[in-house]
Participant: 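The structure's right below; bear with me while I get my questions together.
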Amino acid sequence: MRPCNVSRQHTEHMIARFESDIIDDWDAEASKVTCLDLKLEKLWSLEEAGAPLIASSLSGVVSALGASAVRTLHSGIAWDEATLFAFASVAAAVPLAWVSGLTPLCTDTTVSARSLPAAISRYPSRNDPRSNDCQFLDESMSCEDKHAYRALELLMHSERFAMGFQMFGVLVTRRSVLDIFVKAALIAPTAYEFLRANLQQHLHSSTPQGPAVPTNSVG
């Protein structure tokens, strides 16, 4: 998907800057991060790439239902509800799981991660290439740069920071996609079968039984 590749390229480019370049203006870098956040939000809005992505997920569900119908027509054997739920859930989750890989690049705060927050956190501990005595970049930063850097780092590590792949204003991660898939593919069919069995048992027990028909013995 081209929008996904474009999003990754922009994010990876900014990560590479924090990992290899010398930053002289941290206020400007904070503005660039904010601009990237706005670009990603606009790119994955319903007006642009969001609507095709939803259509792709829905078409996967329709394809699963169509495959079930074709199998029933040709073989006379229909999929049970659990299998149908599983196929439809996989078809809907695959496009979302693919795009949601963008979110860790923007939000993963693990120090060793390949992400914006991690790259920013590692910046002060990098060796300054302008120094001959293995001086860290933290030692060459001015007080103003340190304050601006700290403000950006706090922003990137804030729980309210929701940069990445969003749908309807909700940040989508692979874990959230996996949770939805598990609920749709496993929990929903199980609950459906349980409720159907209980309903059938209730209907069977509430059905009035007719009087017994006497049988005449032939003697």
Side-chain angles (χ1 to χ4, degrees), residues 1-61 63 88-126 129 137 148-182 184-185:
M1 298 175 65
R2 180 172 175 78
C4 183
N5 293 333
V6 171
S7 301
R8 287 178 177 270
Q9 288 174 3
H10 283 296
T11 308
E12 290 277 2
H13 176 72
M14 184 163 289
I15 293 174
R17 278 181 46 78
F18 292 121
E19 291 182 337
S20 60
D21 293 352
I22 304 298
I23 308 300
D24 295 321
D25 189 347
W26 282 98
D27 287 326
E29 294 303 316
S31 299
K32 292 178 182 178
V33 171
T34 302
C35 288
L36 177 60
D37 186 15
L38 294 175
K39 286 180 180 179
L40 295 178
E41 184 177 350
K42 184 176 185 298
L43 178 62
W44 292 108
S45 64
L46 293 179
E47 290 77 14
E48 295 197 18
L53 179 63
I54 294 176
S56 176
S57 296
L58 292 178
S59 65
V61 175
S63 299
S89 300
V90 170
V94 166
L96 294 177
W98 173 260
V99 181
S100 64
L102 172 67
T103 302
L105 289 176
C106 302
T107 59
D108 193 347
T109 57
T110 307
V111 177
S112 60
R114 173 74 175 174
S115 66
L116 273 174
I120 292 174
S121 296
R122 292 192 297 262
Y123 179 86
S125 60
R126 285 173 45 202
L137 287 171
Y149 163 81
R150 185 57 179 164
L152 178 58
E153 186 183 30
L154 290 175
L155 172 65
M156 299 295 291
H157 286 75
S158 172
E159 294 182 356
R160 295 177 297 176
F161 186 73
M163 182 176 176
F165 170 50
Q166 296 188 43
M167 292 296 292
F168 304 106
V170 179
L171 191 66
V172 180
T173 64
R174 283 180 175 171
R175 180 169 182 174
S176 63
V177 174
L178 179 61
D179 289 342
I180 294 174
F181 167 75
V182 169

Participant: I'd like to know if the side chain of S45 and the backbone of K42 have a donor-acceptor N/O pair within less than 3.5 Å.
Facilitator: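 Between the backbone of K42 and the side chain of S45 there is a qualifying donor-acceptor contact (under 3.5 Å).
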Participant: What's the verdict on side chain to side chain contact (heavy atoms under 4.5 Å, CB included) for Y123 and E153, showing C-alpha distance, side-chain angles and the deciding distance?
Facilitator: CA-CA 10 Å; Y123 179 86; E153 186 183 30; over 6 Å; no
Participant: Report the distance from atom CD of E29 to atom OG1 of T34, rounding to the nearest 0.5 Å.
Facilitator: 11.0 Å
Participant: Can E12 and R114 be counted as an ion pair, charged N to O under 4.0 angstrom?
Facilitator: yes
Participant: In a check of side-chain contact (heavy atoms from CB on, under 4.5 Å) between L40 and each of M163, H10, Q166, which one passes?
Facilitator: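 Option passing the side-chain contact (heavy atoms from CB on, under 4.5 Å) with L40: M163.
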Participant: Grab the two heavy atoms, one from C4 and one from W98, that are nearest each other, plus how far apart they are.
Facilitator: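 Minimum heavy-atom contact is SG-NE1, 3.6 Å.
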Participant: Closest heavy-atom contact between L102 and G164?
Facilitator: CD2-C, 4.2 Å
Participant: Taking side chain as C-beta onward, heavy atoms only, is R150 less than 4.5 Å from L154?
Facilitator: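 Contact flag for R150/L154 side chains = yes.
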Participant: Looking at side-chain heavy atoms only, is the closest gap between L116 and L36 below 4.5 Å?
Facilitator: yes
Participant: Please give me the minimum heavy-atom distance between F161 and C106, naming the atom from each residue.
Facilitator: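 What the structure gives for the nearest pair is CE2-O, 3.6 Å.
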Participant: If the condition is side chain to side chain contact (heavy atoms under 4.5 Å, CB included), which residues does S31 pass it with, not counting sequence neighbours?
Facilitator: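 Per chain and number, S31 pairs via side chain to side chain contact (heavy atoms under 4.5 Å, CB included) with no residue.
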Participant: Quick one: pull up OG in S115 and CZ in F18 and give me the separation to the nearest 0.5 Å.
Facilitator: 11.0 Å
Participant: Could you check whether any side-chain heavy atom of W44 comes within less than 4.5 Å of a side-chain heavy atom of V172, counting everything from C-beta outward?
Facilitator: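 No, their side chains stay 4.5 Å or more apart.
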Participant: Using modelled atom types and a 3.5 Å cut-off, is there a donor and acceptor pairing between side-chain atoms of D21 and backbone atoms of I23?
Facilitator: no
Participant: Is there side-chain contact between T11 and I15, with heavy atoms separated by less than 4.5 Å?
Facilitator: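 A side-chain contact exists here, since the closest heavy-atom pair is under 4.5 Å.
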Participant: Please lay out, stage by stage, how T109 and M156 fare under the test side chain to side chain contact (heavy atoms under 4.5 Å, CB included).
Facilitator: CA-CA 8 Å; T109 57; M156 299 295 291; over 6 Å; no
Participant: Between atom NZ of K39 and atom OG of S7, what is the distance when rounded to the nearest 0.5 Å?
Facilitator: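 The distance works out to 11.0 Å.
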Participant: Evaluate the side-chain proximity of L43 to F165: yes if any heavy-atom separation is below 4.5 Å, no if none is.
Facilitator: no
Participant: Measure the shortest side-chain to side-chain distance between R126 and I22 over non-hydrogen atoms and say whether it is less than 4.5 angstrom.
Facilitator: yes
